[in-house]
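First listed ligand is number 1; within each ligand, the first listed atom is number 1.
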Amino acid sequence: MNKTDKIYIAGHKGMVGSAIVRKLQQEGYTNLVLRTSKELDLTNQQAVIDFFKAEKPEYVFLAAAKVGGIEANNTYRAQFLYENLQIQSNVIHQSYVYKVKKLLFLASSCIYPKLAPQPIKESYLLTGELEPTNEPYAIAKIAGIKLCESYFKQYGCNFISVMPTNLYGPNDTYDLKNSHVLPALLRKFHEAEKNKSTSVEVWGSGTPKREFLHVNDLANACYHLMQTYQGTVSVNIGTGKDISIKDLALLIQKIVGYKGVINWNTSKPDGTPRKLLDVSLIHQLGWKHTIELEEGIRAVYKEAFK
Ligand SMILES: NC(=O)c1ccc[n+]([C@@H]2O[C@H](COP(=O)([O-])OP(=O)(O)OC[C@H]3O[C@@H](n4cnc5c(N)ncnc54)[C@H](OP(=O)(O)O)[C@@H]3O)[C@@H](O)[C@H]2O)c1
C-alpha cells in the first residue's frame with residue numbers, strides 16, 4: 001500500500017476499525033474512506049454498489065459487523081446471521097467487481113469448534129460442533145472466510161481473513177449487559193471501588209482460562225498481514241498466552257486498587273475451560289504482540305475510567 005492509496009475501513013467507529021484507522025494514520029496514510037452505518041448501511045446491497053462505484057477503494061479492511069455478547073448473540077439469532085451475511089457478502093462481492101487490490105476480513109476465534117483441542121490451530125476450523133449460543137454469528141463469519149477463500153481461488157482476488165482472539169482496548173463496550181469479560185470486570189471493580197462496596201460478585205468459578213490481545217496490537221497485525229500475507233488460511237492473531245479468570249480478576253482488582261473481597265458466584269456457568277490460539281503461523285509470518293496484559297489493562301483503565 002502506498003501512502004496515498006484509497007483505503008476503505010468498514011466499521012471505523014468500532015473498537016477494531018478505529019484501531020486500524022489510528023494505525024494507518026500513524027503510518028502516514030492520507031486517503032482513508034470512512035462511513036458510519038447511518039451514512040452507509042452495508043446490509044443494503046444497492047447502497048454498497050453505489051458506494052463502490054463512486055469511491056472505488058483500492059484496499060479494504062472489513063471490520064464492520066453486528067457483534068455482541070452471549071445474550072445478544074443468543075437472543076437476536078436471526079439478525080446476527082442475516083446482517084453479517086449481508087454486510088460481508090455485499091462488501092466482498094463489490095470489492096471483486098470494482099477490483100480492490102487487497103481486502104482483509106475480520107473473523108473471530110469464537111467461531112472455532114466448541115471443544116477444539118488447545119491451543120487452537122487454524123486447521124481446526126470446521127472440525128466440530130460450534131458453541132450453540134453464537135452459532136448463527138459463527139456460521140456467518142465462517143461464510144465470510146469461505147467467501148474470501150473462494151474469491152481468491154476462483155477469481156484470483158487477494159482477499160485474506162484473520163481470526164483474532166478476545167480483544168480489549170479503546171472504544172470497547174463497558175455496559176454490563178453487552179460487554180465481554182475483561183471490560184465487564186473493569187467496570188465492576190471500578191464501581192465497587194467508587195461506591196466503597198465491601199465485595200464484588202464475579203460469575204463462575206474463576207478456573208476457565210482465556211487469552212486477551214490489546215486492539216492496538218491487533219491493528220498492527222492486520223497492517224502487517226495486509227502488507228505481507230497472501231493465502232487462503234484465516235490467520236490466528238493472539239498473544240499465545242492465557243490467564244485464568246481468577247488471576248485476571250485479581251490483576252484488575254490490583255490495577256483498580258480495590259480492597260474488598262471477591263465473591264465467586266459458582267451457580268453461573270463457566271463456559272469452555274480453555275480458549276487459546278496457536279499463534280505459530282503469525283509468528284512465522286513475522287509478527288508478535290508487544291503489549292503485555294497488565295500494561296494494556298492499566299492504559300485502558302486510565303483512558304476509559306479516569
Ligand atoms: N471485540 C472483540 O473482542 C473481537 C474479537 C475477535 C474478532 N472481532 C471482530 O472484529 C470485527 C469488529 O468488531 P468490534 O469489536 O470492533 O465491533 P464494534 O465495536 O461493535 O464495531 C462494529 C462496527 O460495525 C459497524 N456496523 C455494524 N452494522 C453495520 C451496518 N449495517 N452498516 C455499516 N456498518 C455497520 C458499526 O458502525 P457504526 O458505529 O457506524 O454503527 C461499528 O463501527 C467484527 O467482525 C468482530 O467479529 C472482534
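For residues 230-242, the pairs satisfying salt bridge (Lys or Arg N to Asp or Glu O under 4.0 Å) are Lys209-Asp242, Lys241-Glu292, Asp242-Arg274, with sequence neighbours left out.
Summarising the contacts of atom 21 (O) of ligand 1 with Ser108, Gly14, Ala47, Cys110, the nearest heavy atom is found in Gly14. Considering only non-hydrogen atoms, atom 47 (O) of ligand 1 lies nearest to Tyr137 out of Phe61, Phe105, Tyr137. Residue Ala65 holds the heavy atom nearest to atom 22 (C) of ligand 1 of all those in Ala19, Ala65, Gly11, Ser18. Summarising the contacts of atom 41 (O) of ligand 1 with Ser37, Ala64, Gly238, Ala10, the nearest heavy atom is found in Ser37.
Cation-pi check for Lys66 over Phe80 is met; the charged atom lies under 6.0 angstrom from the ring centroid and within 45 degrees of its normal.
Close to ligand 1: Ala107, with a non-hydrogen atom less than 4.0 angstrom away. Note on ligand 1: Lys38 sits outside its first shell, no heavy atom being nearer than 4.0 Å. Using a 4.0 angstrom heavy-atom cutoff, Thr165 counts as in contact with ligand 1.
Separation of the Tyr258 and Phe189 ring centroids falls under the 6.0 Å cut-off.
In terms of N/O distances under 3.5 Å, ligand 1 is not approached by Gly17. Considering backbone and side-chain atoms together, Asp41 places an N or O closer than 3.5 Å to an N or O of ligand 1. Looking at Ile87 next to ligand 1, no N or O pair under 3.5 Å apart turns up. Close N/O approach between Val16 and ligand 1 is found [any backbone or side-chain N/O within under 3.5 Å]. Between Lys141 and ligand 1, at least one N/O pair is under 3.5 Å apart.
Shown in contact with Pro164 at under 4.0 Å from a heavy atom are these atoms of ligand 1, numbered in order with element: 6 (C), 7 (C). Heavy-atom contacts of Thr36 reach the following atoms of ligand 1: 40 (O) (cutoff under 4.0 Å).
A pairwise comparison of heavy atoms in Ser234 and Glu122 identifies O-CG, 3.1 Å as the closest pair.
Looking at heavy atoms from C-beta onward, Leu167 lies out of side-chain contact with Phe212 at the 4.5 angstrom threshold.
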Pair Glu55, Arg35 - check salt bridge (charged side-chain N to carboxylate O under 4.0 Å, His left out), show working. CA-CA 11 Å; Glu55 292 291 346; Arg35 296 285 187 282; 2.8 Å; yes
Carefully, step by step, assess Tyr301 and His190 under the rule ring-ring contact (aromatic ring centres under 6.0 Å, His included). CA-CA 9 Å; Tyr301 181 56; His190 174 73; 5.6 Å; yes
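A donor-acceptor pair shorter than 3.5 Å cannot be found between the side chains of Asn263 and Glu201.
Under the salt bridge (charged side-chain N to carboxylate O under 4.0 Å, His left out) criterion, Glu135 pairs with no residue at all, not counting sequence neighbours.
At a heavy-atom distance under 4.0 Å, only side-chain atoms of Val67, from C-beta outward, approach ligand 1.
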